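Step one of this worksheet: look at the structure below.
The shown structure was predicted, so the numbers you read here are calculated from the model rather than taken from an experiment.
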Amino acid sequence: MSTIVIKVPTSTIQKMQQFYQRDLLAKKVPYTVFVAKKGPTTITAYTSGKVMFQGATAEKEASLWGDTASAVPDKKKATVSSTALPAGFSEKSVVGSDEVGNGSYFGPLVVCAVYAKKEQLPQLKALGVKDSKMLTDPEIRKMAPKIKELVPYQLLTVTPSKYNEIQPKYNTVRMKVALHNQAIRLLLQKIAPETPDAILIDQFTSEKNYRTYLKSEQVAVTEKLYFATKGEQYHLAVAAASILCRTVFLDELDAASKEVGLRLPSGAHAAADQVAAKLLQQGGIALLGQYAKLHFANTEKAQKLAKL
């Protein structure tokens, strides 16, 4: 049974409670806001702000509310995979990869790999590089061009329409494995013949799953791979990749909002349902599919709101 734990603000827990209104369980558990059962997965929201998803669809359900790349498996497990990071890892020359947009109904899925040499780490620190979730959007946008000037990087963007085309064939995890592998592979080609000391992937699935899906790729990067949840805490290359991803995601979301004349929100909350319903009324599922990831539960909710 899969277990995912995410940390969200009180406002999000309130939205979740409304979202799972029909799935709420009557049992009362100490220090919880609510307990719900959605299909094979149990959702437990705690007063501390942590939300635990347990069941066969835990990762999928958690992705509706946050970026599961930053979600951790059961808290009893270490944040680093079984492949322990070498001593002094944060000071090594590393390729780091991350993704943004996985948990947002609107907007693209963006993956980025960054190569940060040990000599460049002080400069990245001076720029204020850290986890993009700890930075404001203006700070991220101001920092991104400076990062691009300093370090080699590779960005890949999957638009919602492309995402919807791929998703029925590739589950979300397999899709992300393919994208991380491609971004890393292309970046290694850019920096050749130089090679990094290691490659750190911000962990979104187990190393075993990652390597299993990797076997489906025609050209796979398999050497020097390390995995860690909250990878930005272990190396600035991942933090820089996170910032570049977030910037592209924000820019794409802004451009899409201008196209449709509606503010497309980030995330997968009730506000997204309302906007999606308006798009359905304007142009049906064909229009919505250009801007949203249709396999999210938001689509069904939007259809009910739009009375389609």
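- Between F89 and H235, the ring planes are perpendicular. Angles over 60° get that label, and only those under 30° would be called parallel.
- There is a side-chain donor-acceptor pair under 3.5 Å between T136 and E139.
- E217 places no side-chain N or O within 3.5 Å of a backbone atom of V219 that could act as its donor or acceptor partner.
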Would you check, one step at a time, whether the test side-chain contact (heavy atoms from CB on, under 4.5 Å) holds for M52 with I4?
CA-CA 6 Å; M52 180 170 64; I4 298 290; over 6 Å; no

Assess the residue pair F204 and F227 against the criterion (ring-ring contact (aromatic ring centres under 6.0 Å, His included)); give the C-alpha distance rounded to whole Å, side-chain angles, the decisive distance to 0.1 Å, and a yes or no.
CA-CA 9 Å; F204 53 87; F227 303 82; 8.2 Å; no

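- The heavy-atom pair separating L135 from I243 by the smallest distance is CD1-CD1, 3.7 Å.
- In terms of heavy atoms, V260 sits closest to Q282 at O-OE1, 4.4 Å.
- Residues Y163 and H295 bring their aromatic ring centres within 6.0 Å.
- At a threshold of 4.0 Å, the pair E232-K130 does not count as salt-bridged, since none of the basic side-chain nitrogens sits closer than that to a carboxylate oxygen.
- N298 places no side-chain N or O within 3.5 Å of a backbone atom of A272 that could act as its donor or acceptor partner.
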Report the C-alpha separation of E194 and K117 in whole Å, then their side-chain angles, then the decisive distance to 0.1 Å, and conclude whether the side-chain contact (heavy atoms from CB on, under 4.5 Å) test is met.
CA-CA 10 Å; E194 188 172 354; K117 295 192 288 187; 2.8 Å; yes

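- With no hydrogens or angles considered, no side-chain donor-acceptor pair links E165 and Y170 at under 3.5 Å.
- Between A306 and A277, the shortest heavy-atom distance links the atoms CB-O, 3.7 Å.
- Under the 3.5 Å distance criterion, with hydrogens and angles disregarded, a donor-acceptor pair is assigned to the side chains of T57 and T41.
- Counting all heavy atoms, side chain and backbone alike, T229 lies closest to D202 at C-OD1, 3.9 Å.
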Audit row: D251, R141, salt bridge (charged side-chain N to carboxylate O under 4.0 Å, His left out) steps and yes/no
CA-CA 9 Å; D251 289 346; R141 283 175 151 151; 3.0 Å; yes

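- Between the side chains of Y213 and N171, at least one donor N or O sits under 3.5 Å from an acceptor N or O.
- The environment of CD in E119 is crowded: more than 12 heavy-atom neighbours from other residues, nucleotides or ligands sit within 6.0 Å.
- Checking side-chain atoms of T212 against main-chain N and O of K208 turns up a donor-acceptor pair under 3.5 Å.
- In the model, Y105 has a side-chain atom that pairs as donor or acceptor with a side-chain atom of T299 under 3.5 Å.
- There is no side-chain donor-acceptor pair under 3.5 Å between Y115 and Q154.
- The cationic group of K190 lies under 6.0 Å from the six-membered ring centre of Y153 and within 45° of the ring axis, placing it in a cation-pi geometry.
- In this structure, R246 is not positioned above the aromatic face of F249 in the sense of NZ or CZ being under 6.0 Å from the six-membered ring centre and within 45° of the axis.
- Across every non-hydrogen atom of G107 and P160, the tightest pair is O-CG, 3.5 Å.
- A donor-acceptor pair is defined here as one N or O able to donate and one able to accept, closer than 3.5 Å; such a pair exists between the side chain of N164 and the backbone of G289.
- In this structure, the side chains of Q182 and L156 come closer than 4.5 Å at one or more pairs of heavy atoms.
- The shortest distance between side-chain heavy atoms of Y234 and L85 falls below 4.5 Å.
- Panel note: side chain S257, backbone R263; no donor-acceptor pair is recorded below 3.5 Å.
- Distance alone, capped at 3.5 Å, is enough to place a donor-acceptor pair between the Q120 side chain and the L150 backbone.
- Checked for salt-bridge contact, K304 and D273 miss the test: no charged N lies under 4.0 Å from a carboxylate O.
- Looking at heavy atoms from C-beta onward, V51 lies out of side-chain contact with T44 at the 4.5 angstrom threshold.
- Counting non-hydrogen atoms of neighbouring residues, nucleotides and ligands closer than 6.0 angstrom, the NZ atom of K224 exceeds 12 such neighbours.
- No close placement of the H180 and Y210 rings is indicated, their centers lying 6.0 Å or farther apart.
- By the 6.0 Å contact criterion, CD on E223 is open, its count of non-hydrogen atoms from other residues, nucleotides or ligands being 12 or less.
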Show your reasoning for whether salt bridge (charged side-chain N to carboxylate O under 4.0 Å, His left out) applies to D98 and K176.
CA-CA 10 Å; D98 198 3; K176 290 195 290 185; over 6 Å; no

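- For K142, the NZ atom is loosely surrounded, since the number of other residues' heavy atoms within 6.0 Å does not exceed 12.
- Side-chain contact between K92 and P86: present, with at least one pair of heavy atoms (C-beta onward) separated by less than 4.5 Å.
- Closest heavy-atom contact between C245 and V100: CB-CG2, 3.5 Å.
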Check against side-chain contact (heavy atoms from CB on, under 4.5 Å), L264 and L279:
CA-CA 10 Å; L264 303 181; L279 289 177; 4.2 Å; yes

Start with the C-alpha gap between V110 and L155, add the side-chain angles, then the distance that decides, and say whether side-chain contact (heavy atoms from CB on, under 4.5 Å) holds.
CA-CA 7 Å; V110 186; L155 276 159; 3.9 Å; yes

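- Other residues, nucleotides and ligands contribute at most 12 non-hydrogen atoms within 6.0 Å of the CD atom of E300.
- Remark: the backbone N or O of T247 is not paired with any side-chain donor or acceptor of D137 at under 3.5 angstrom.
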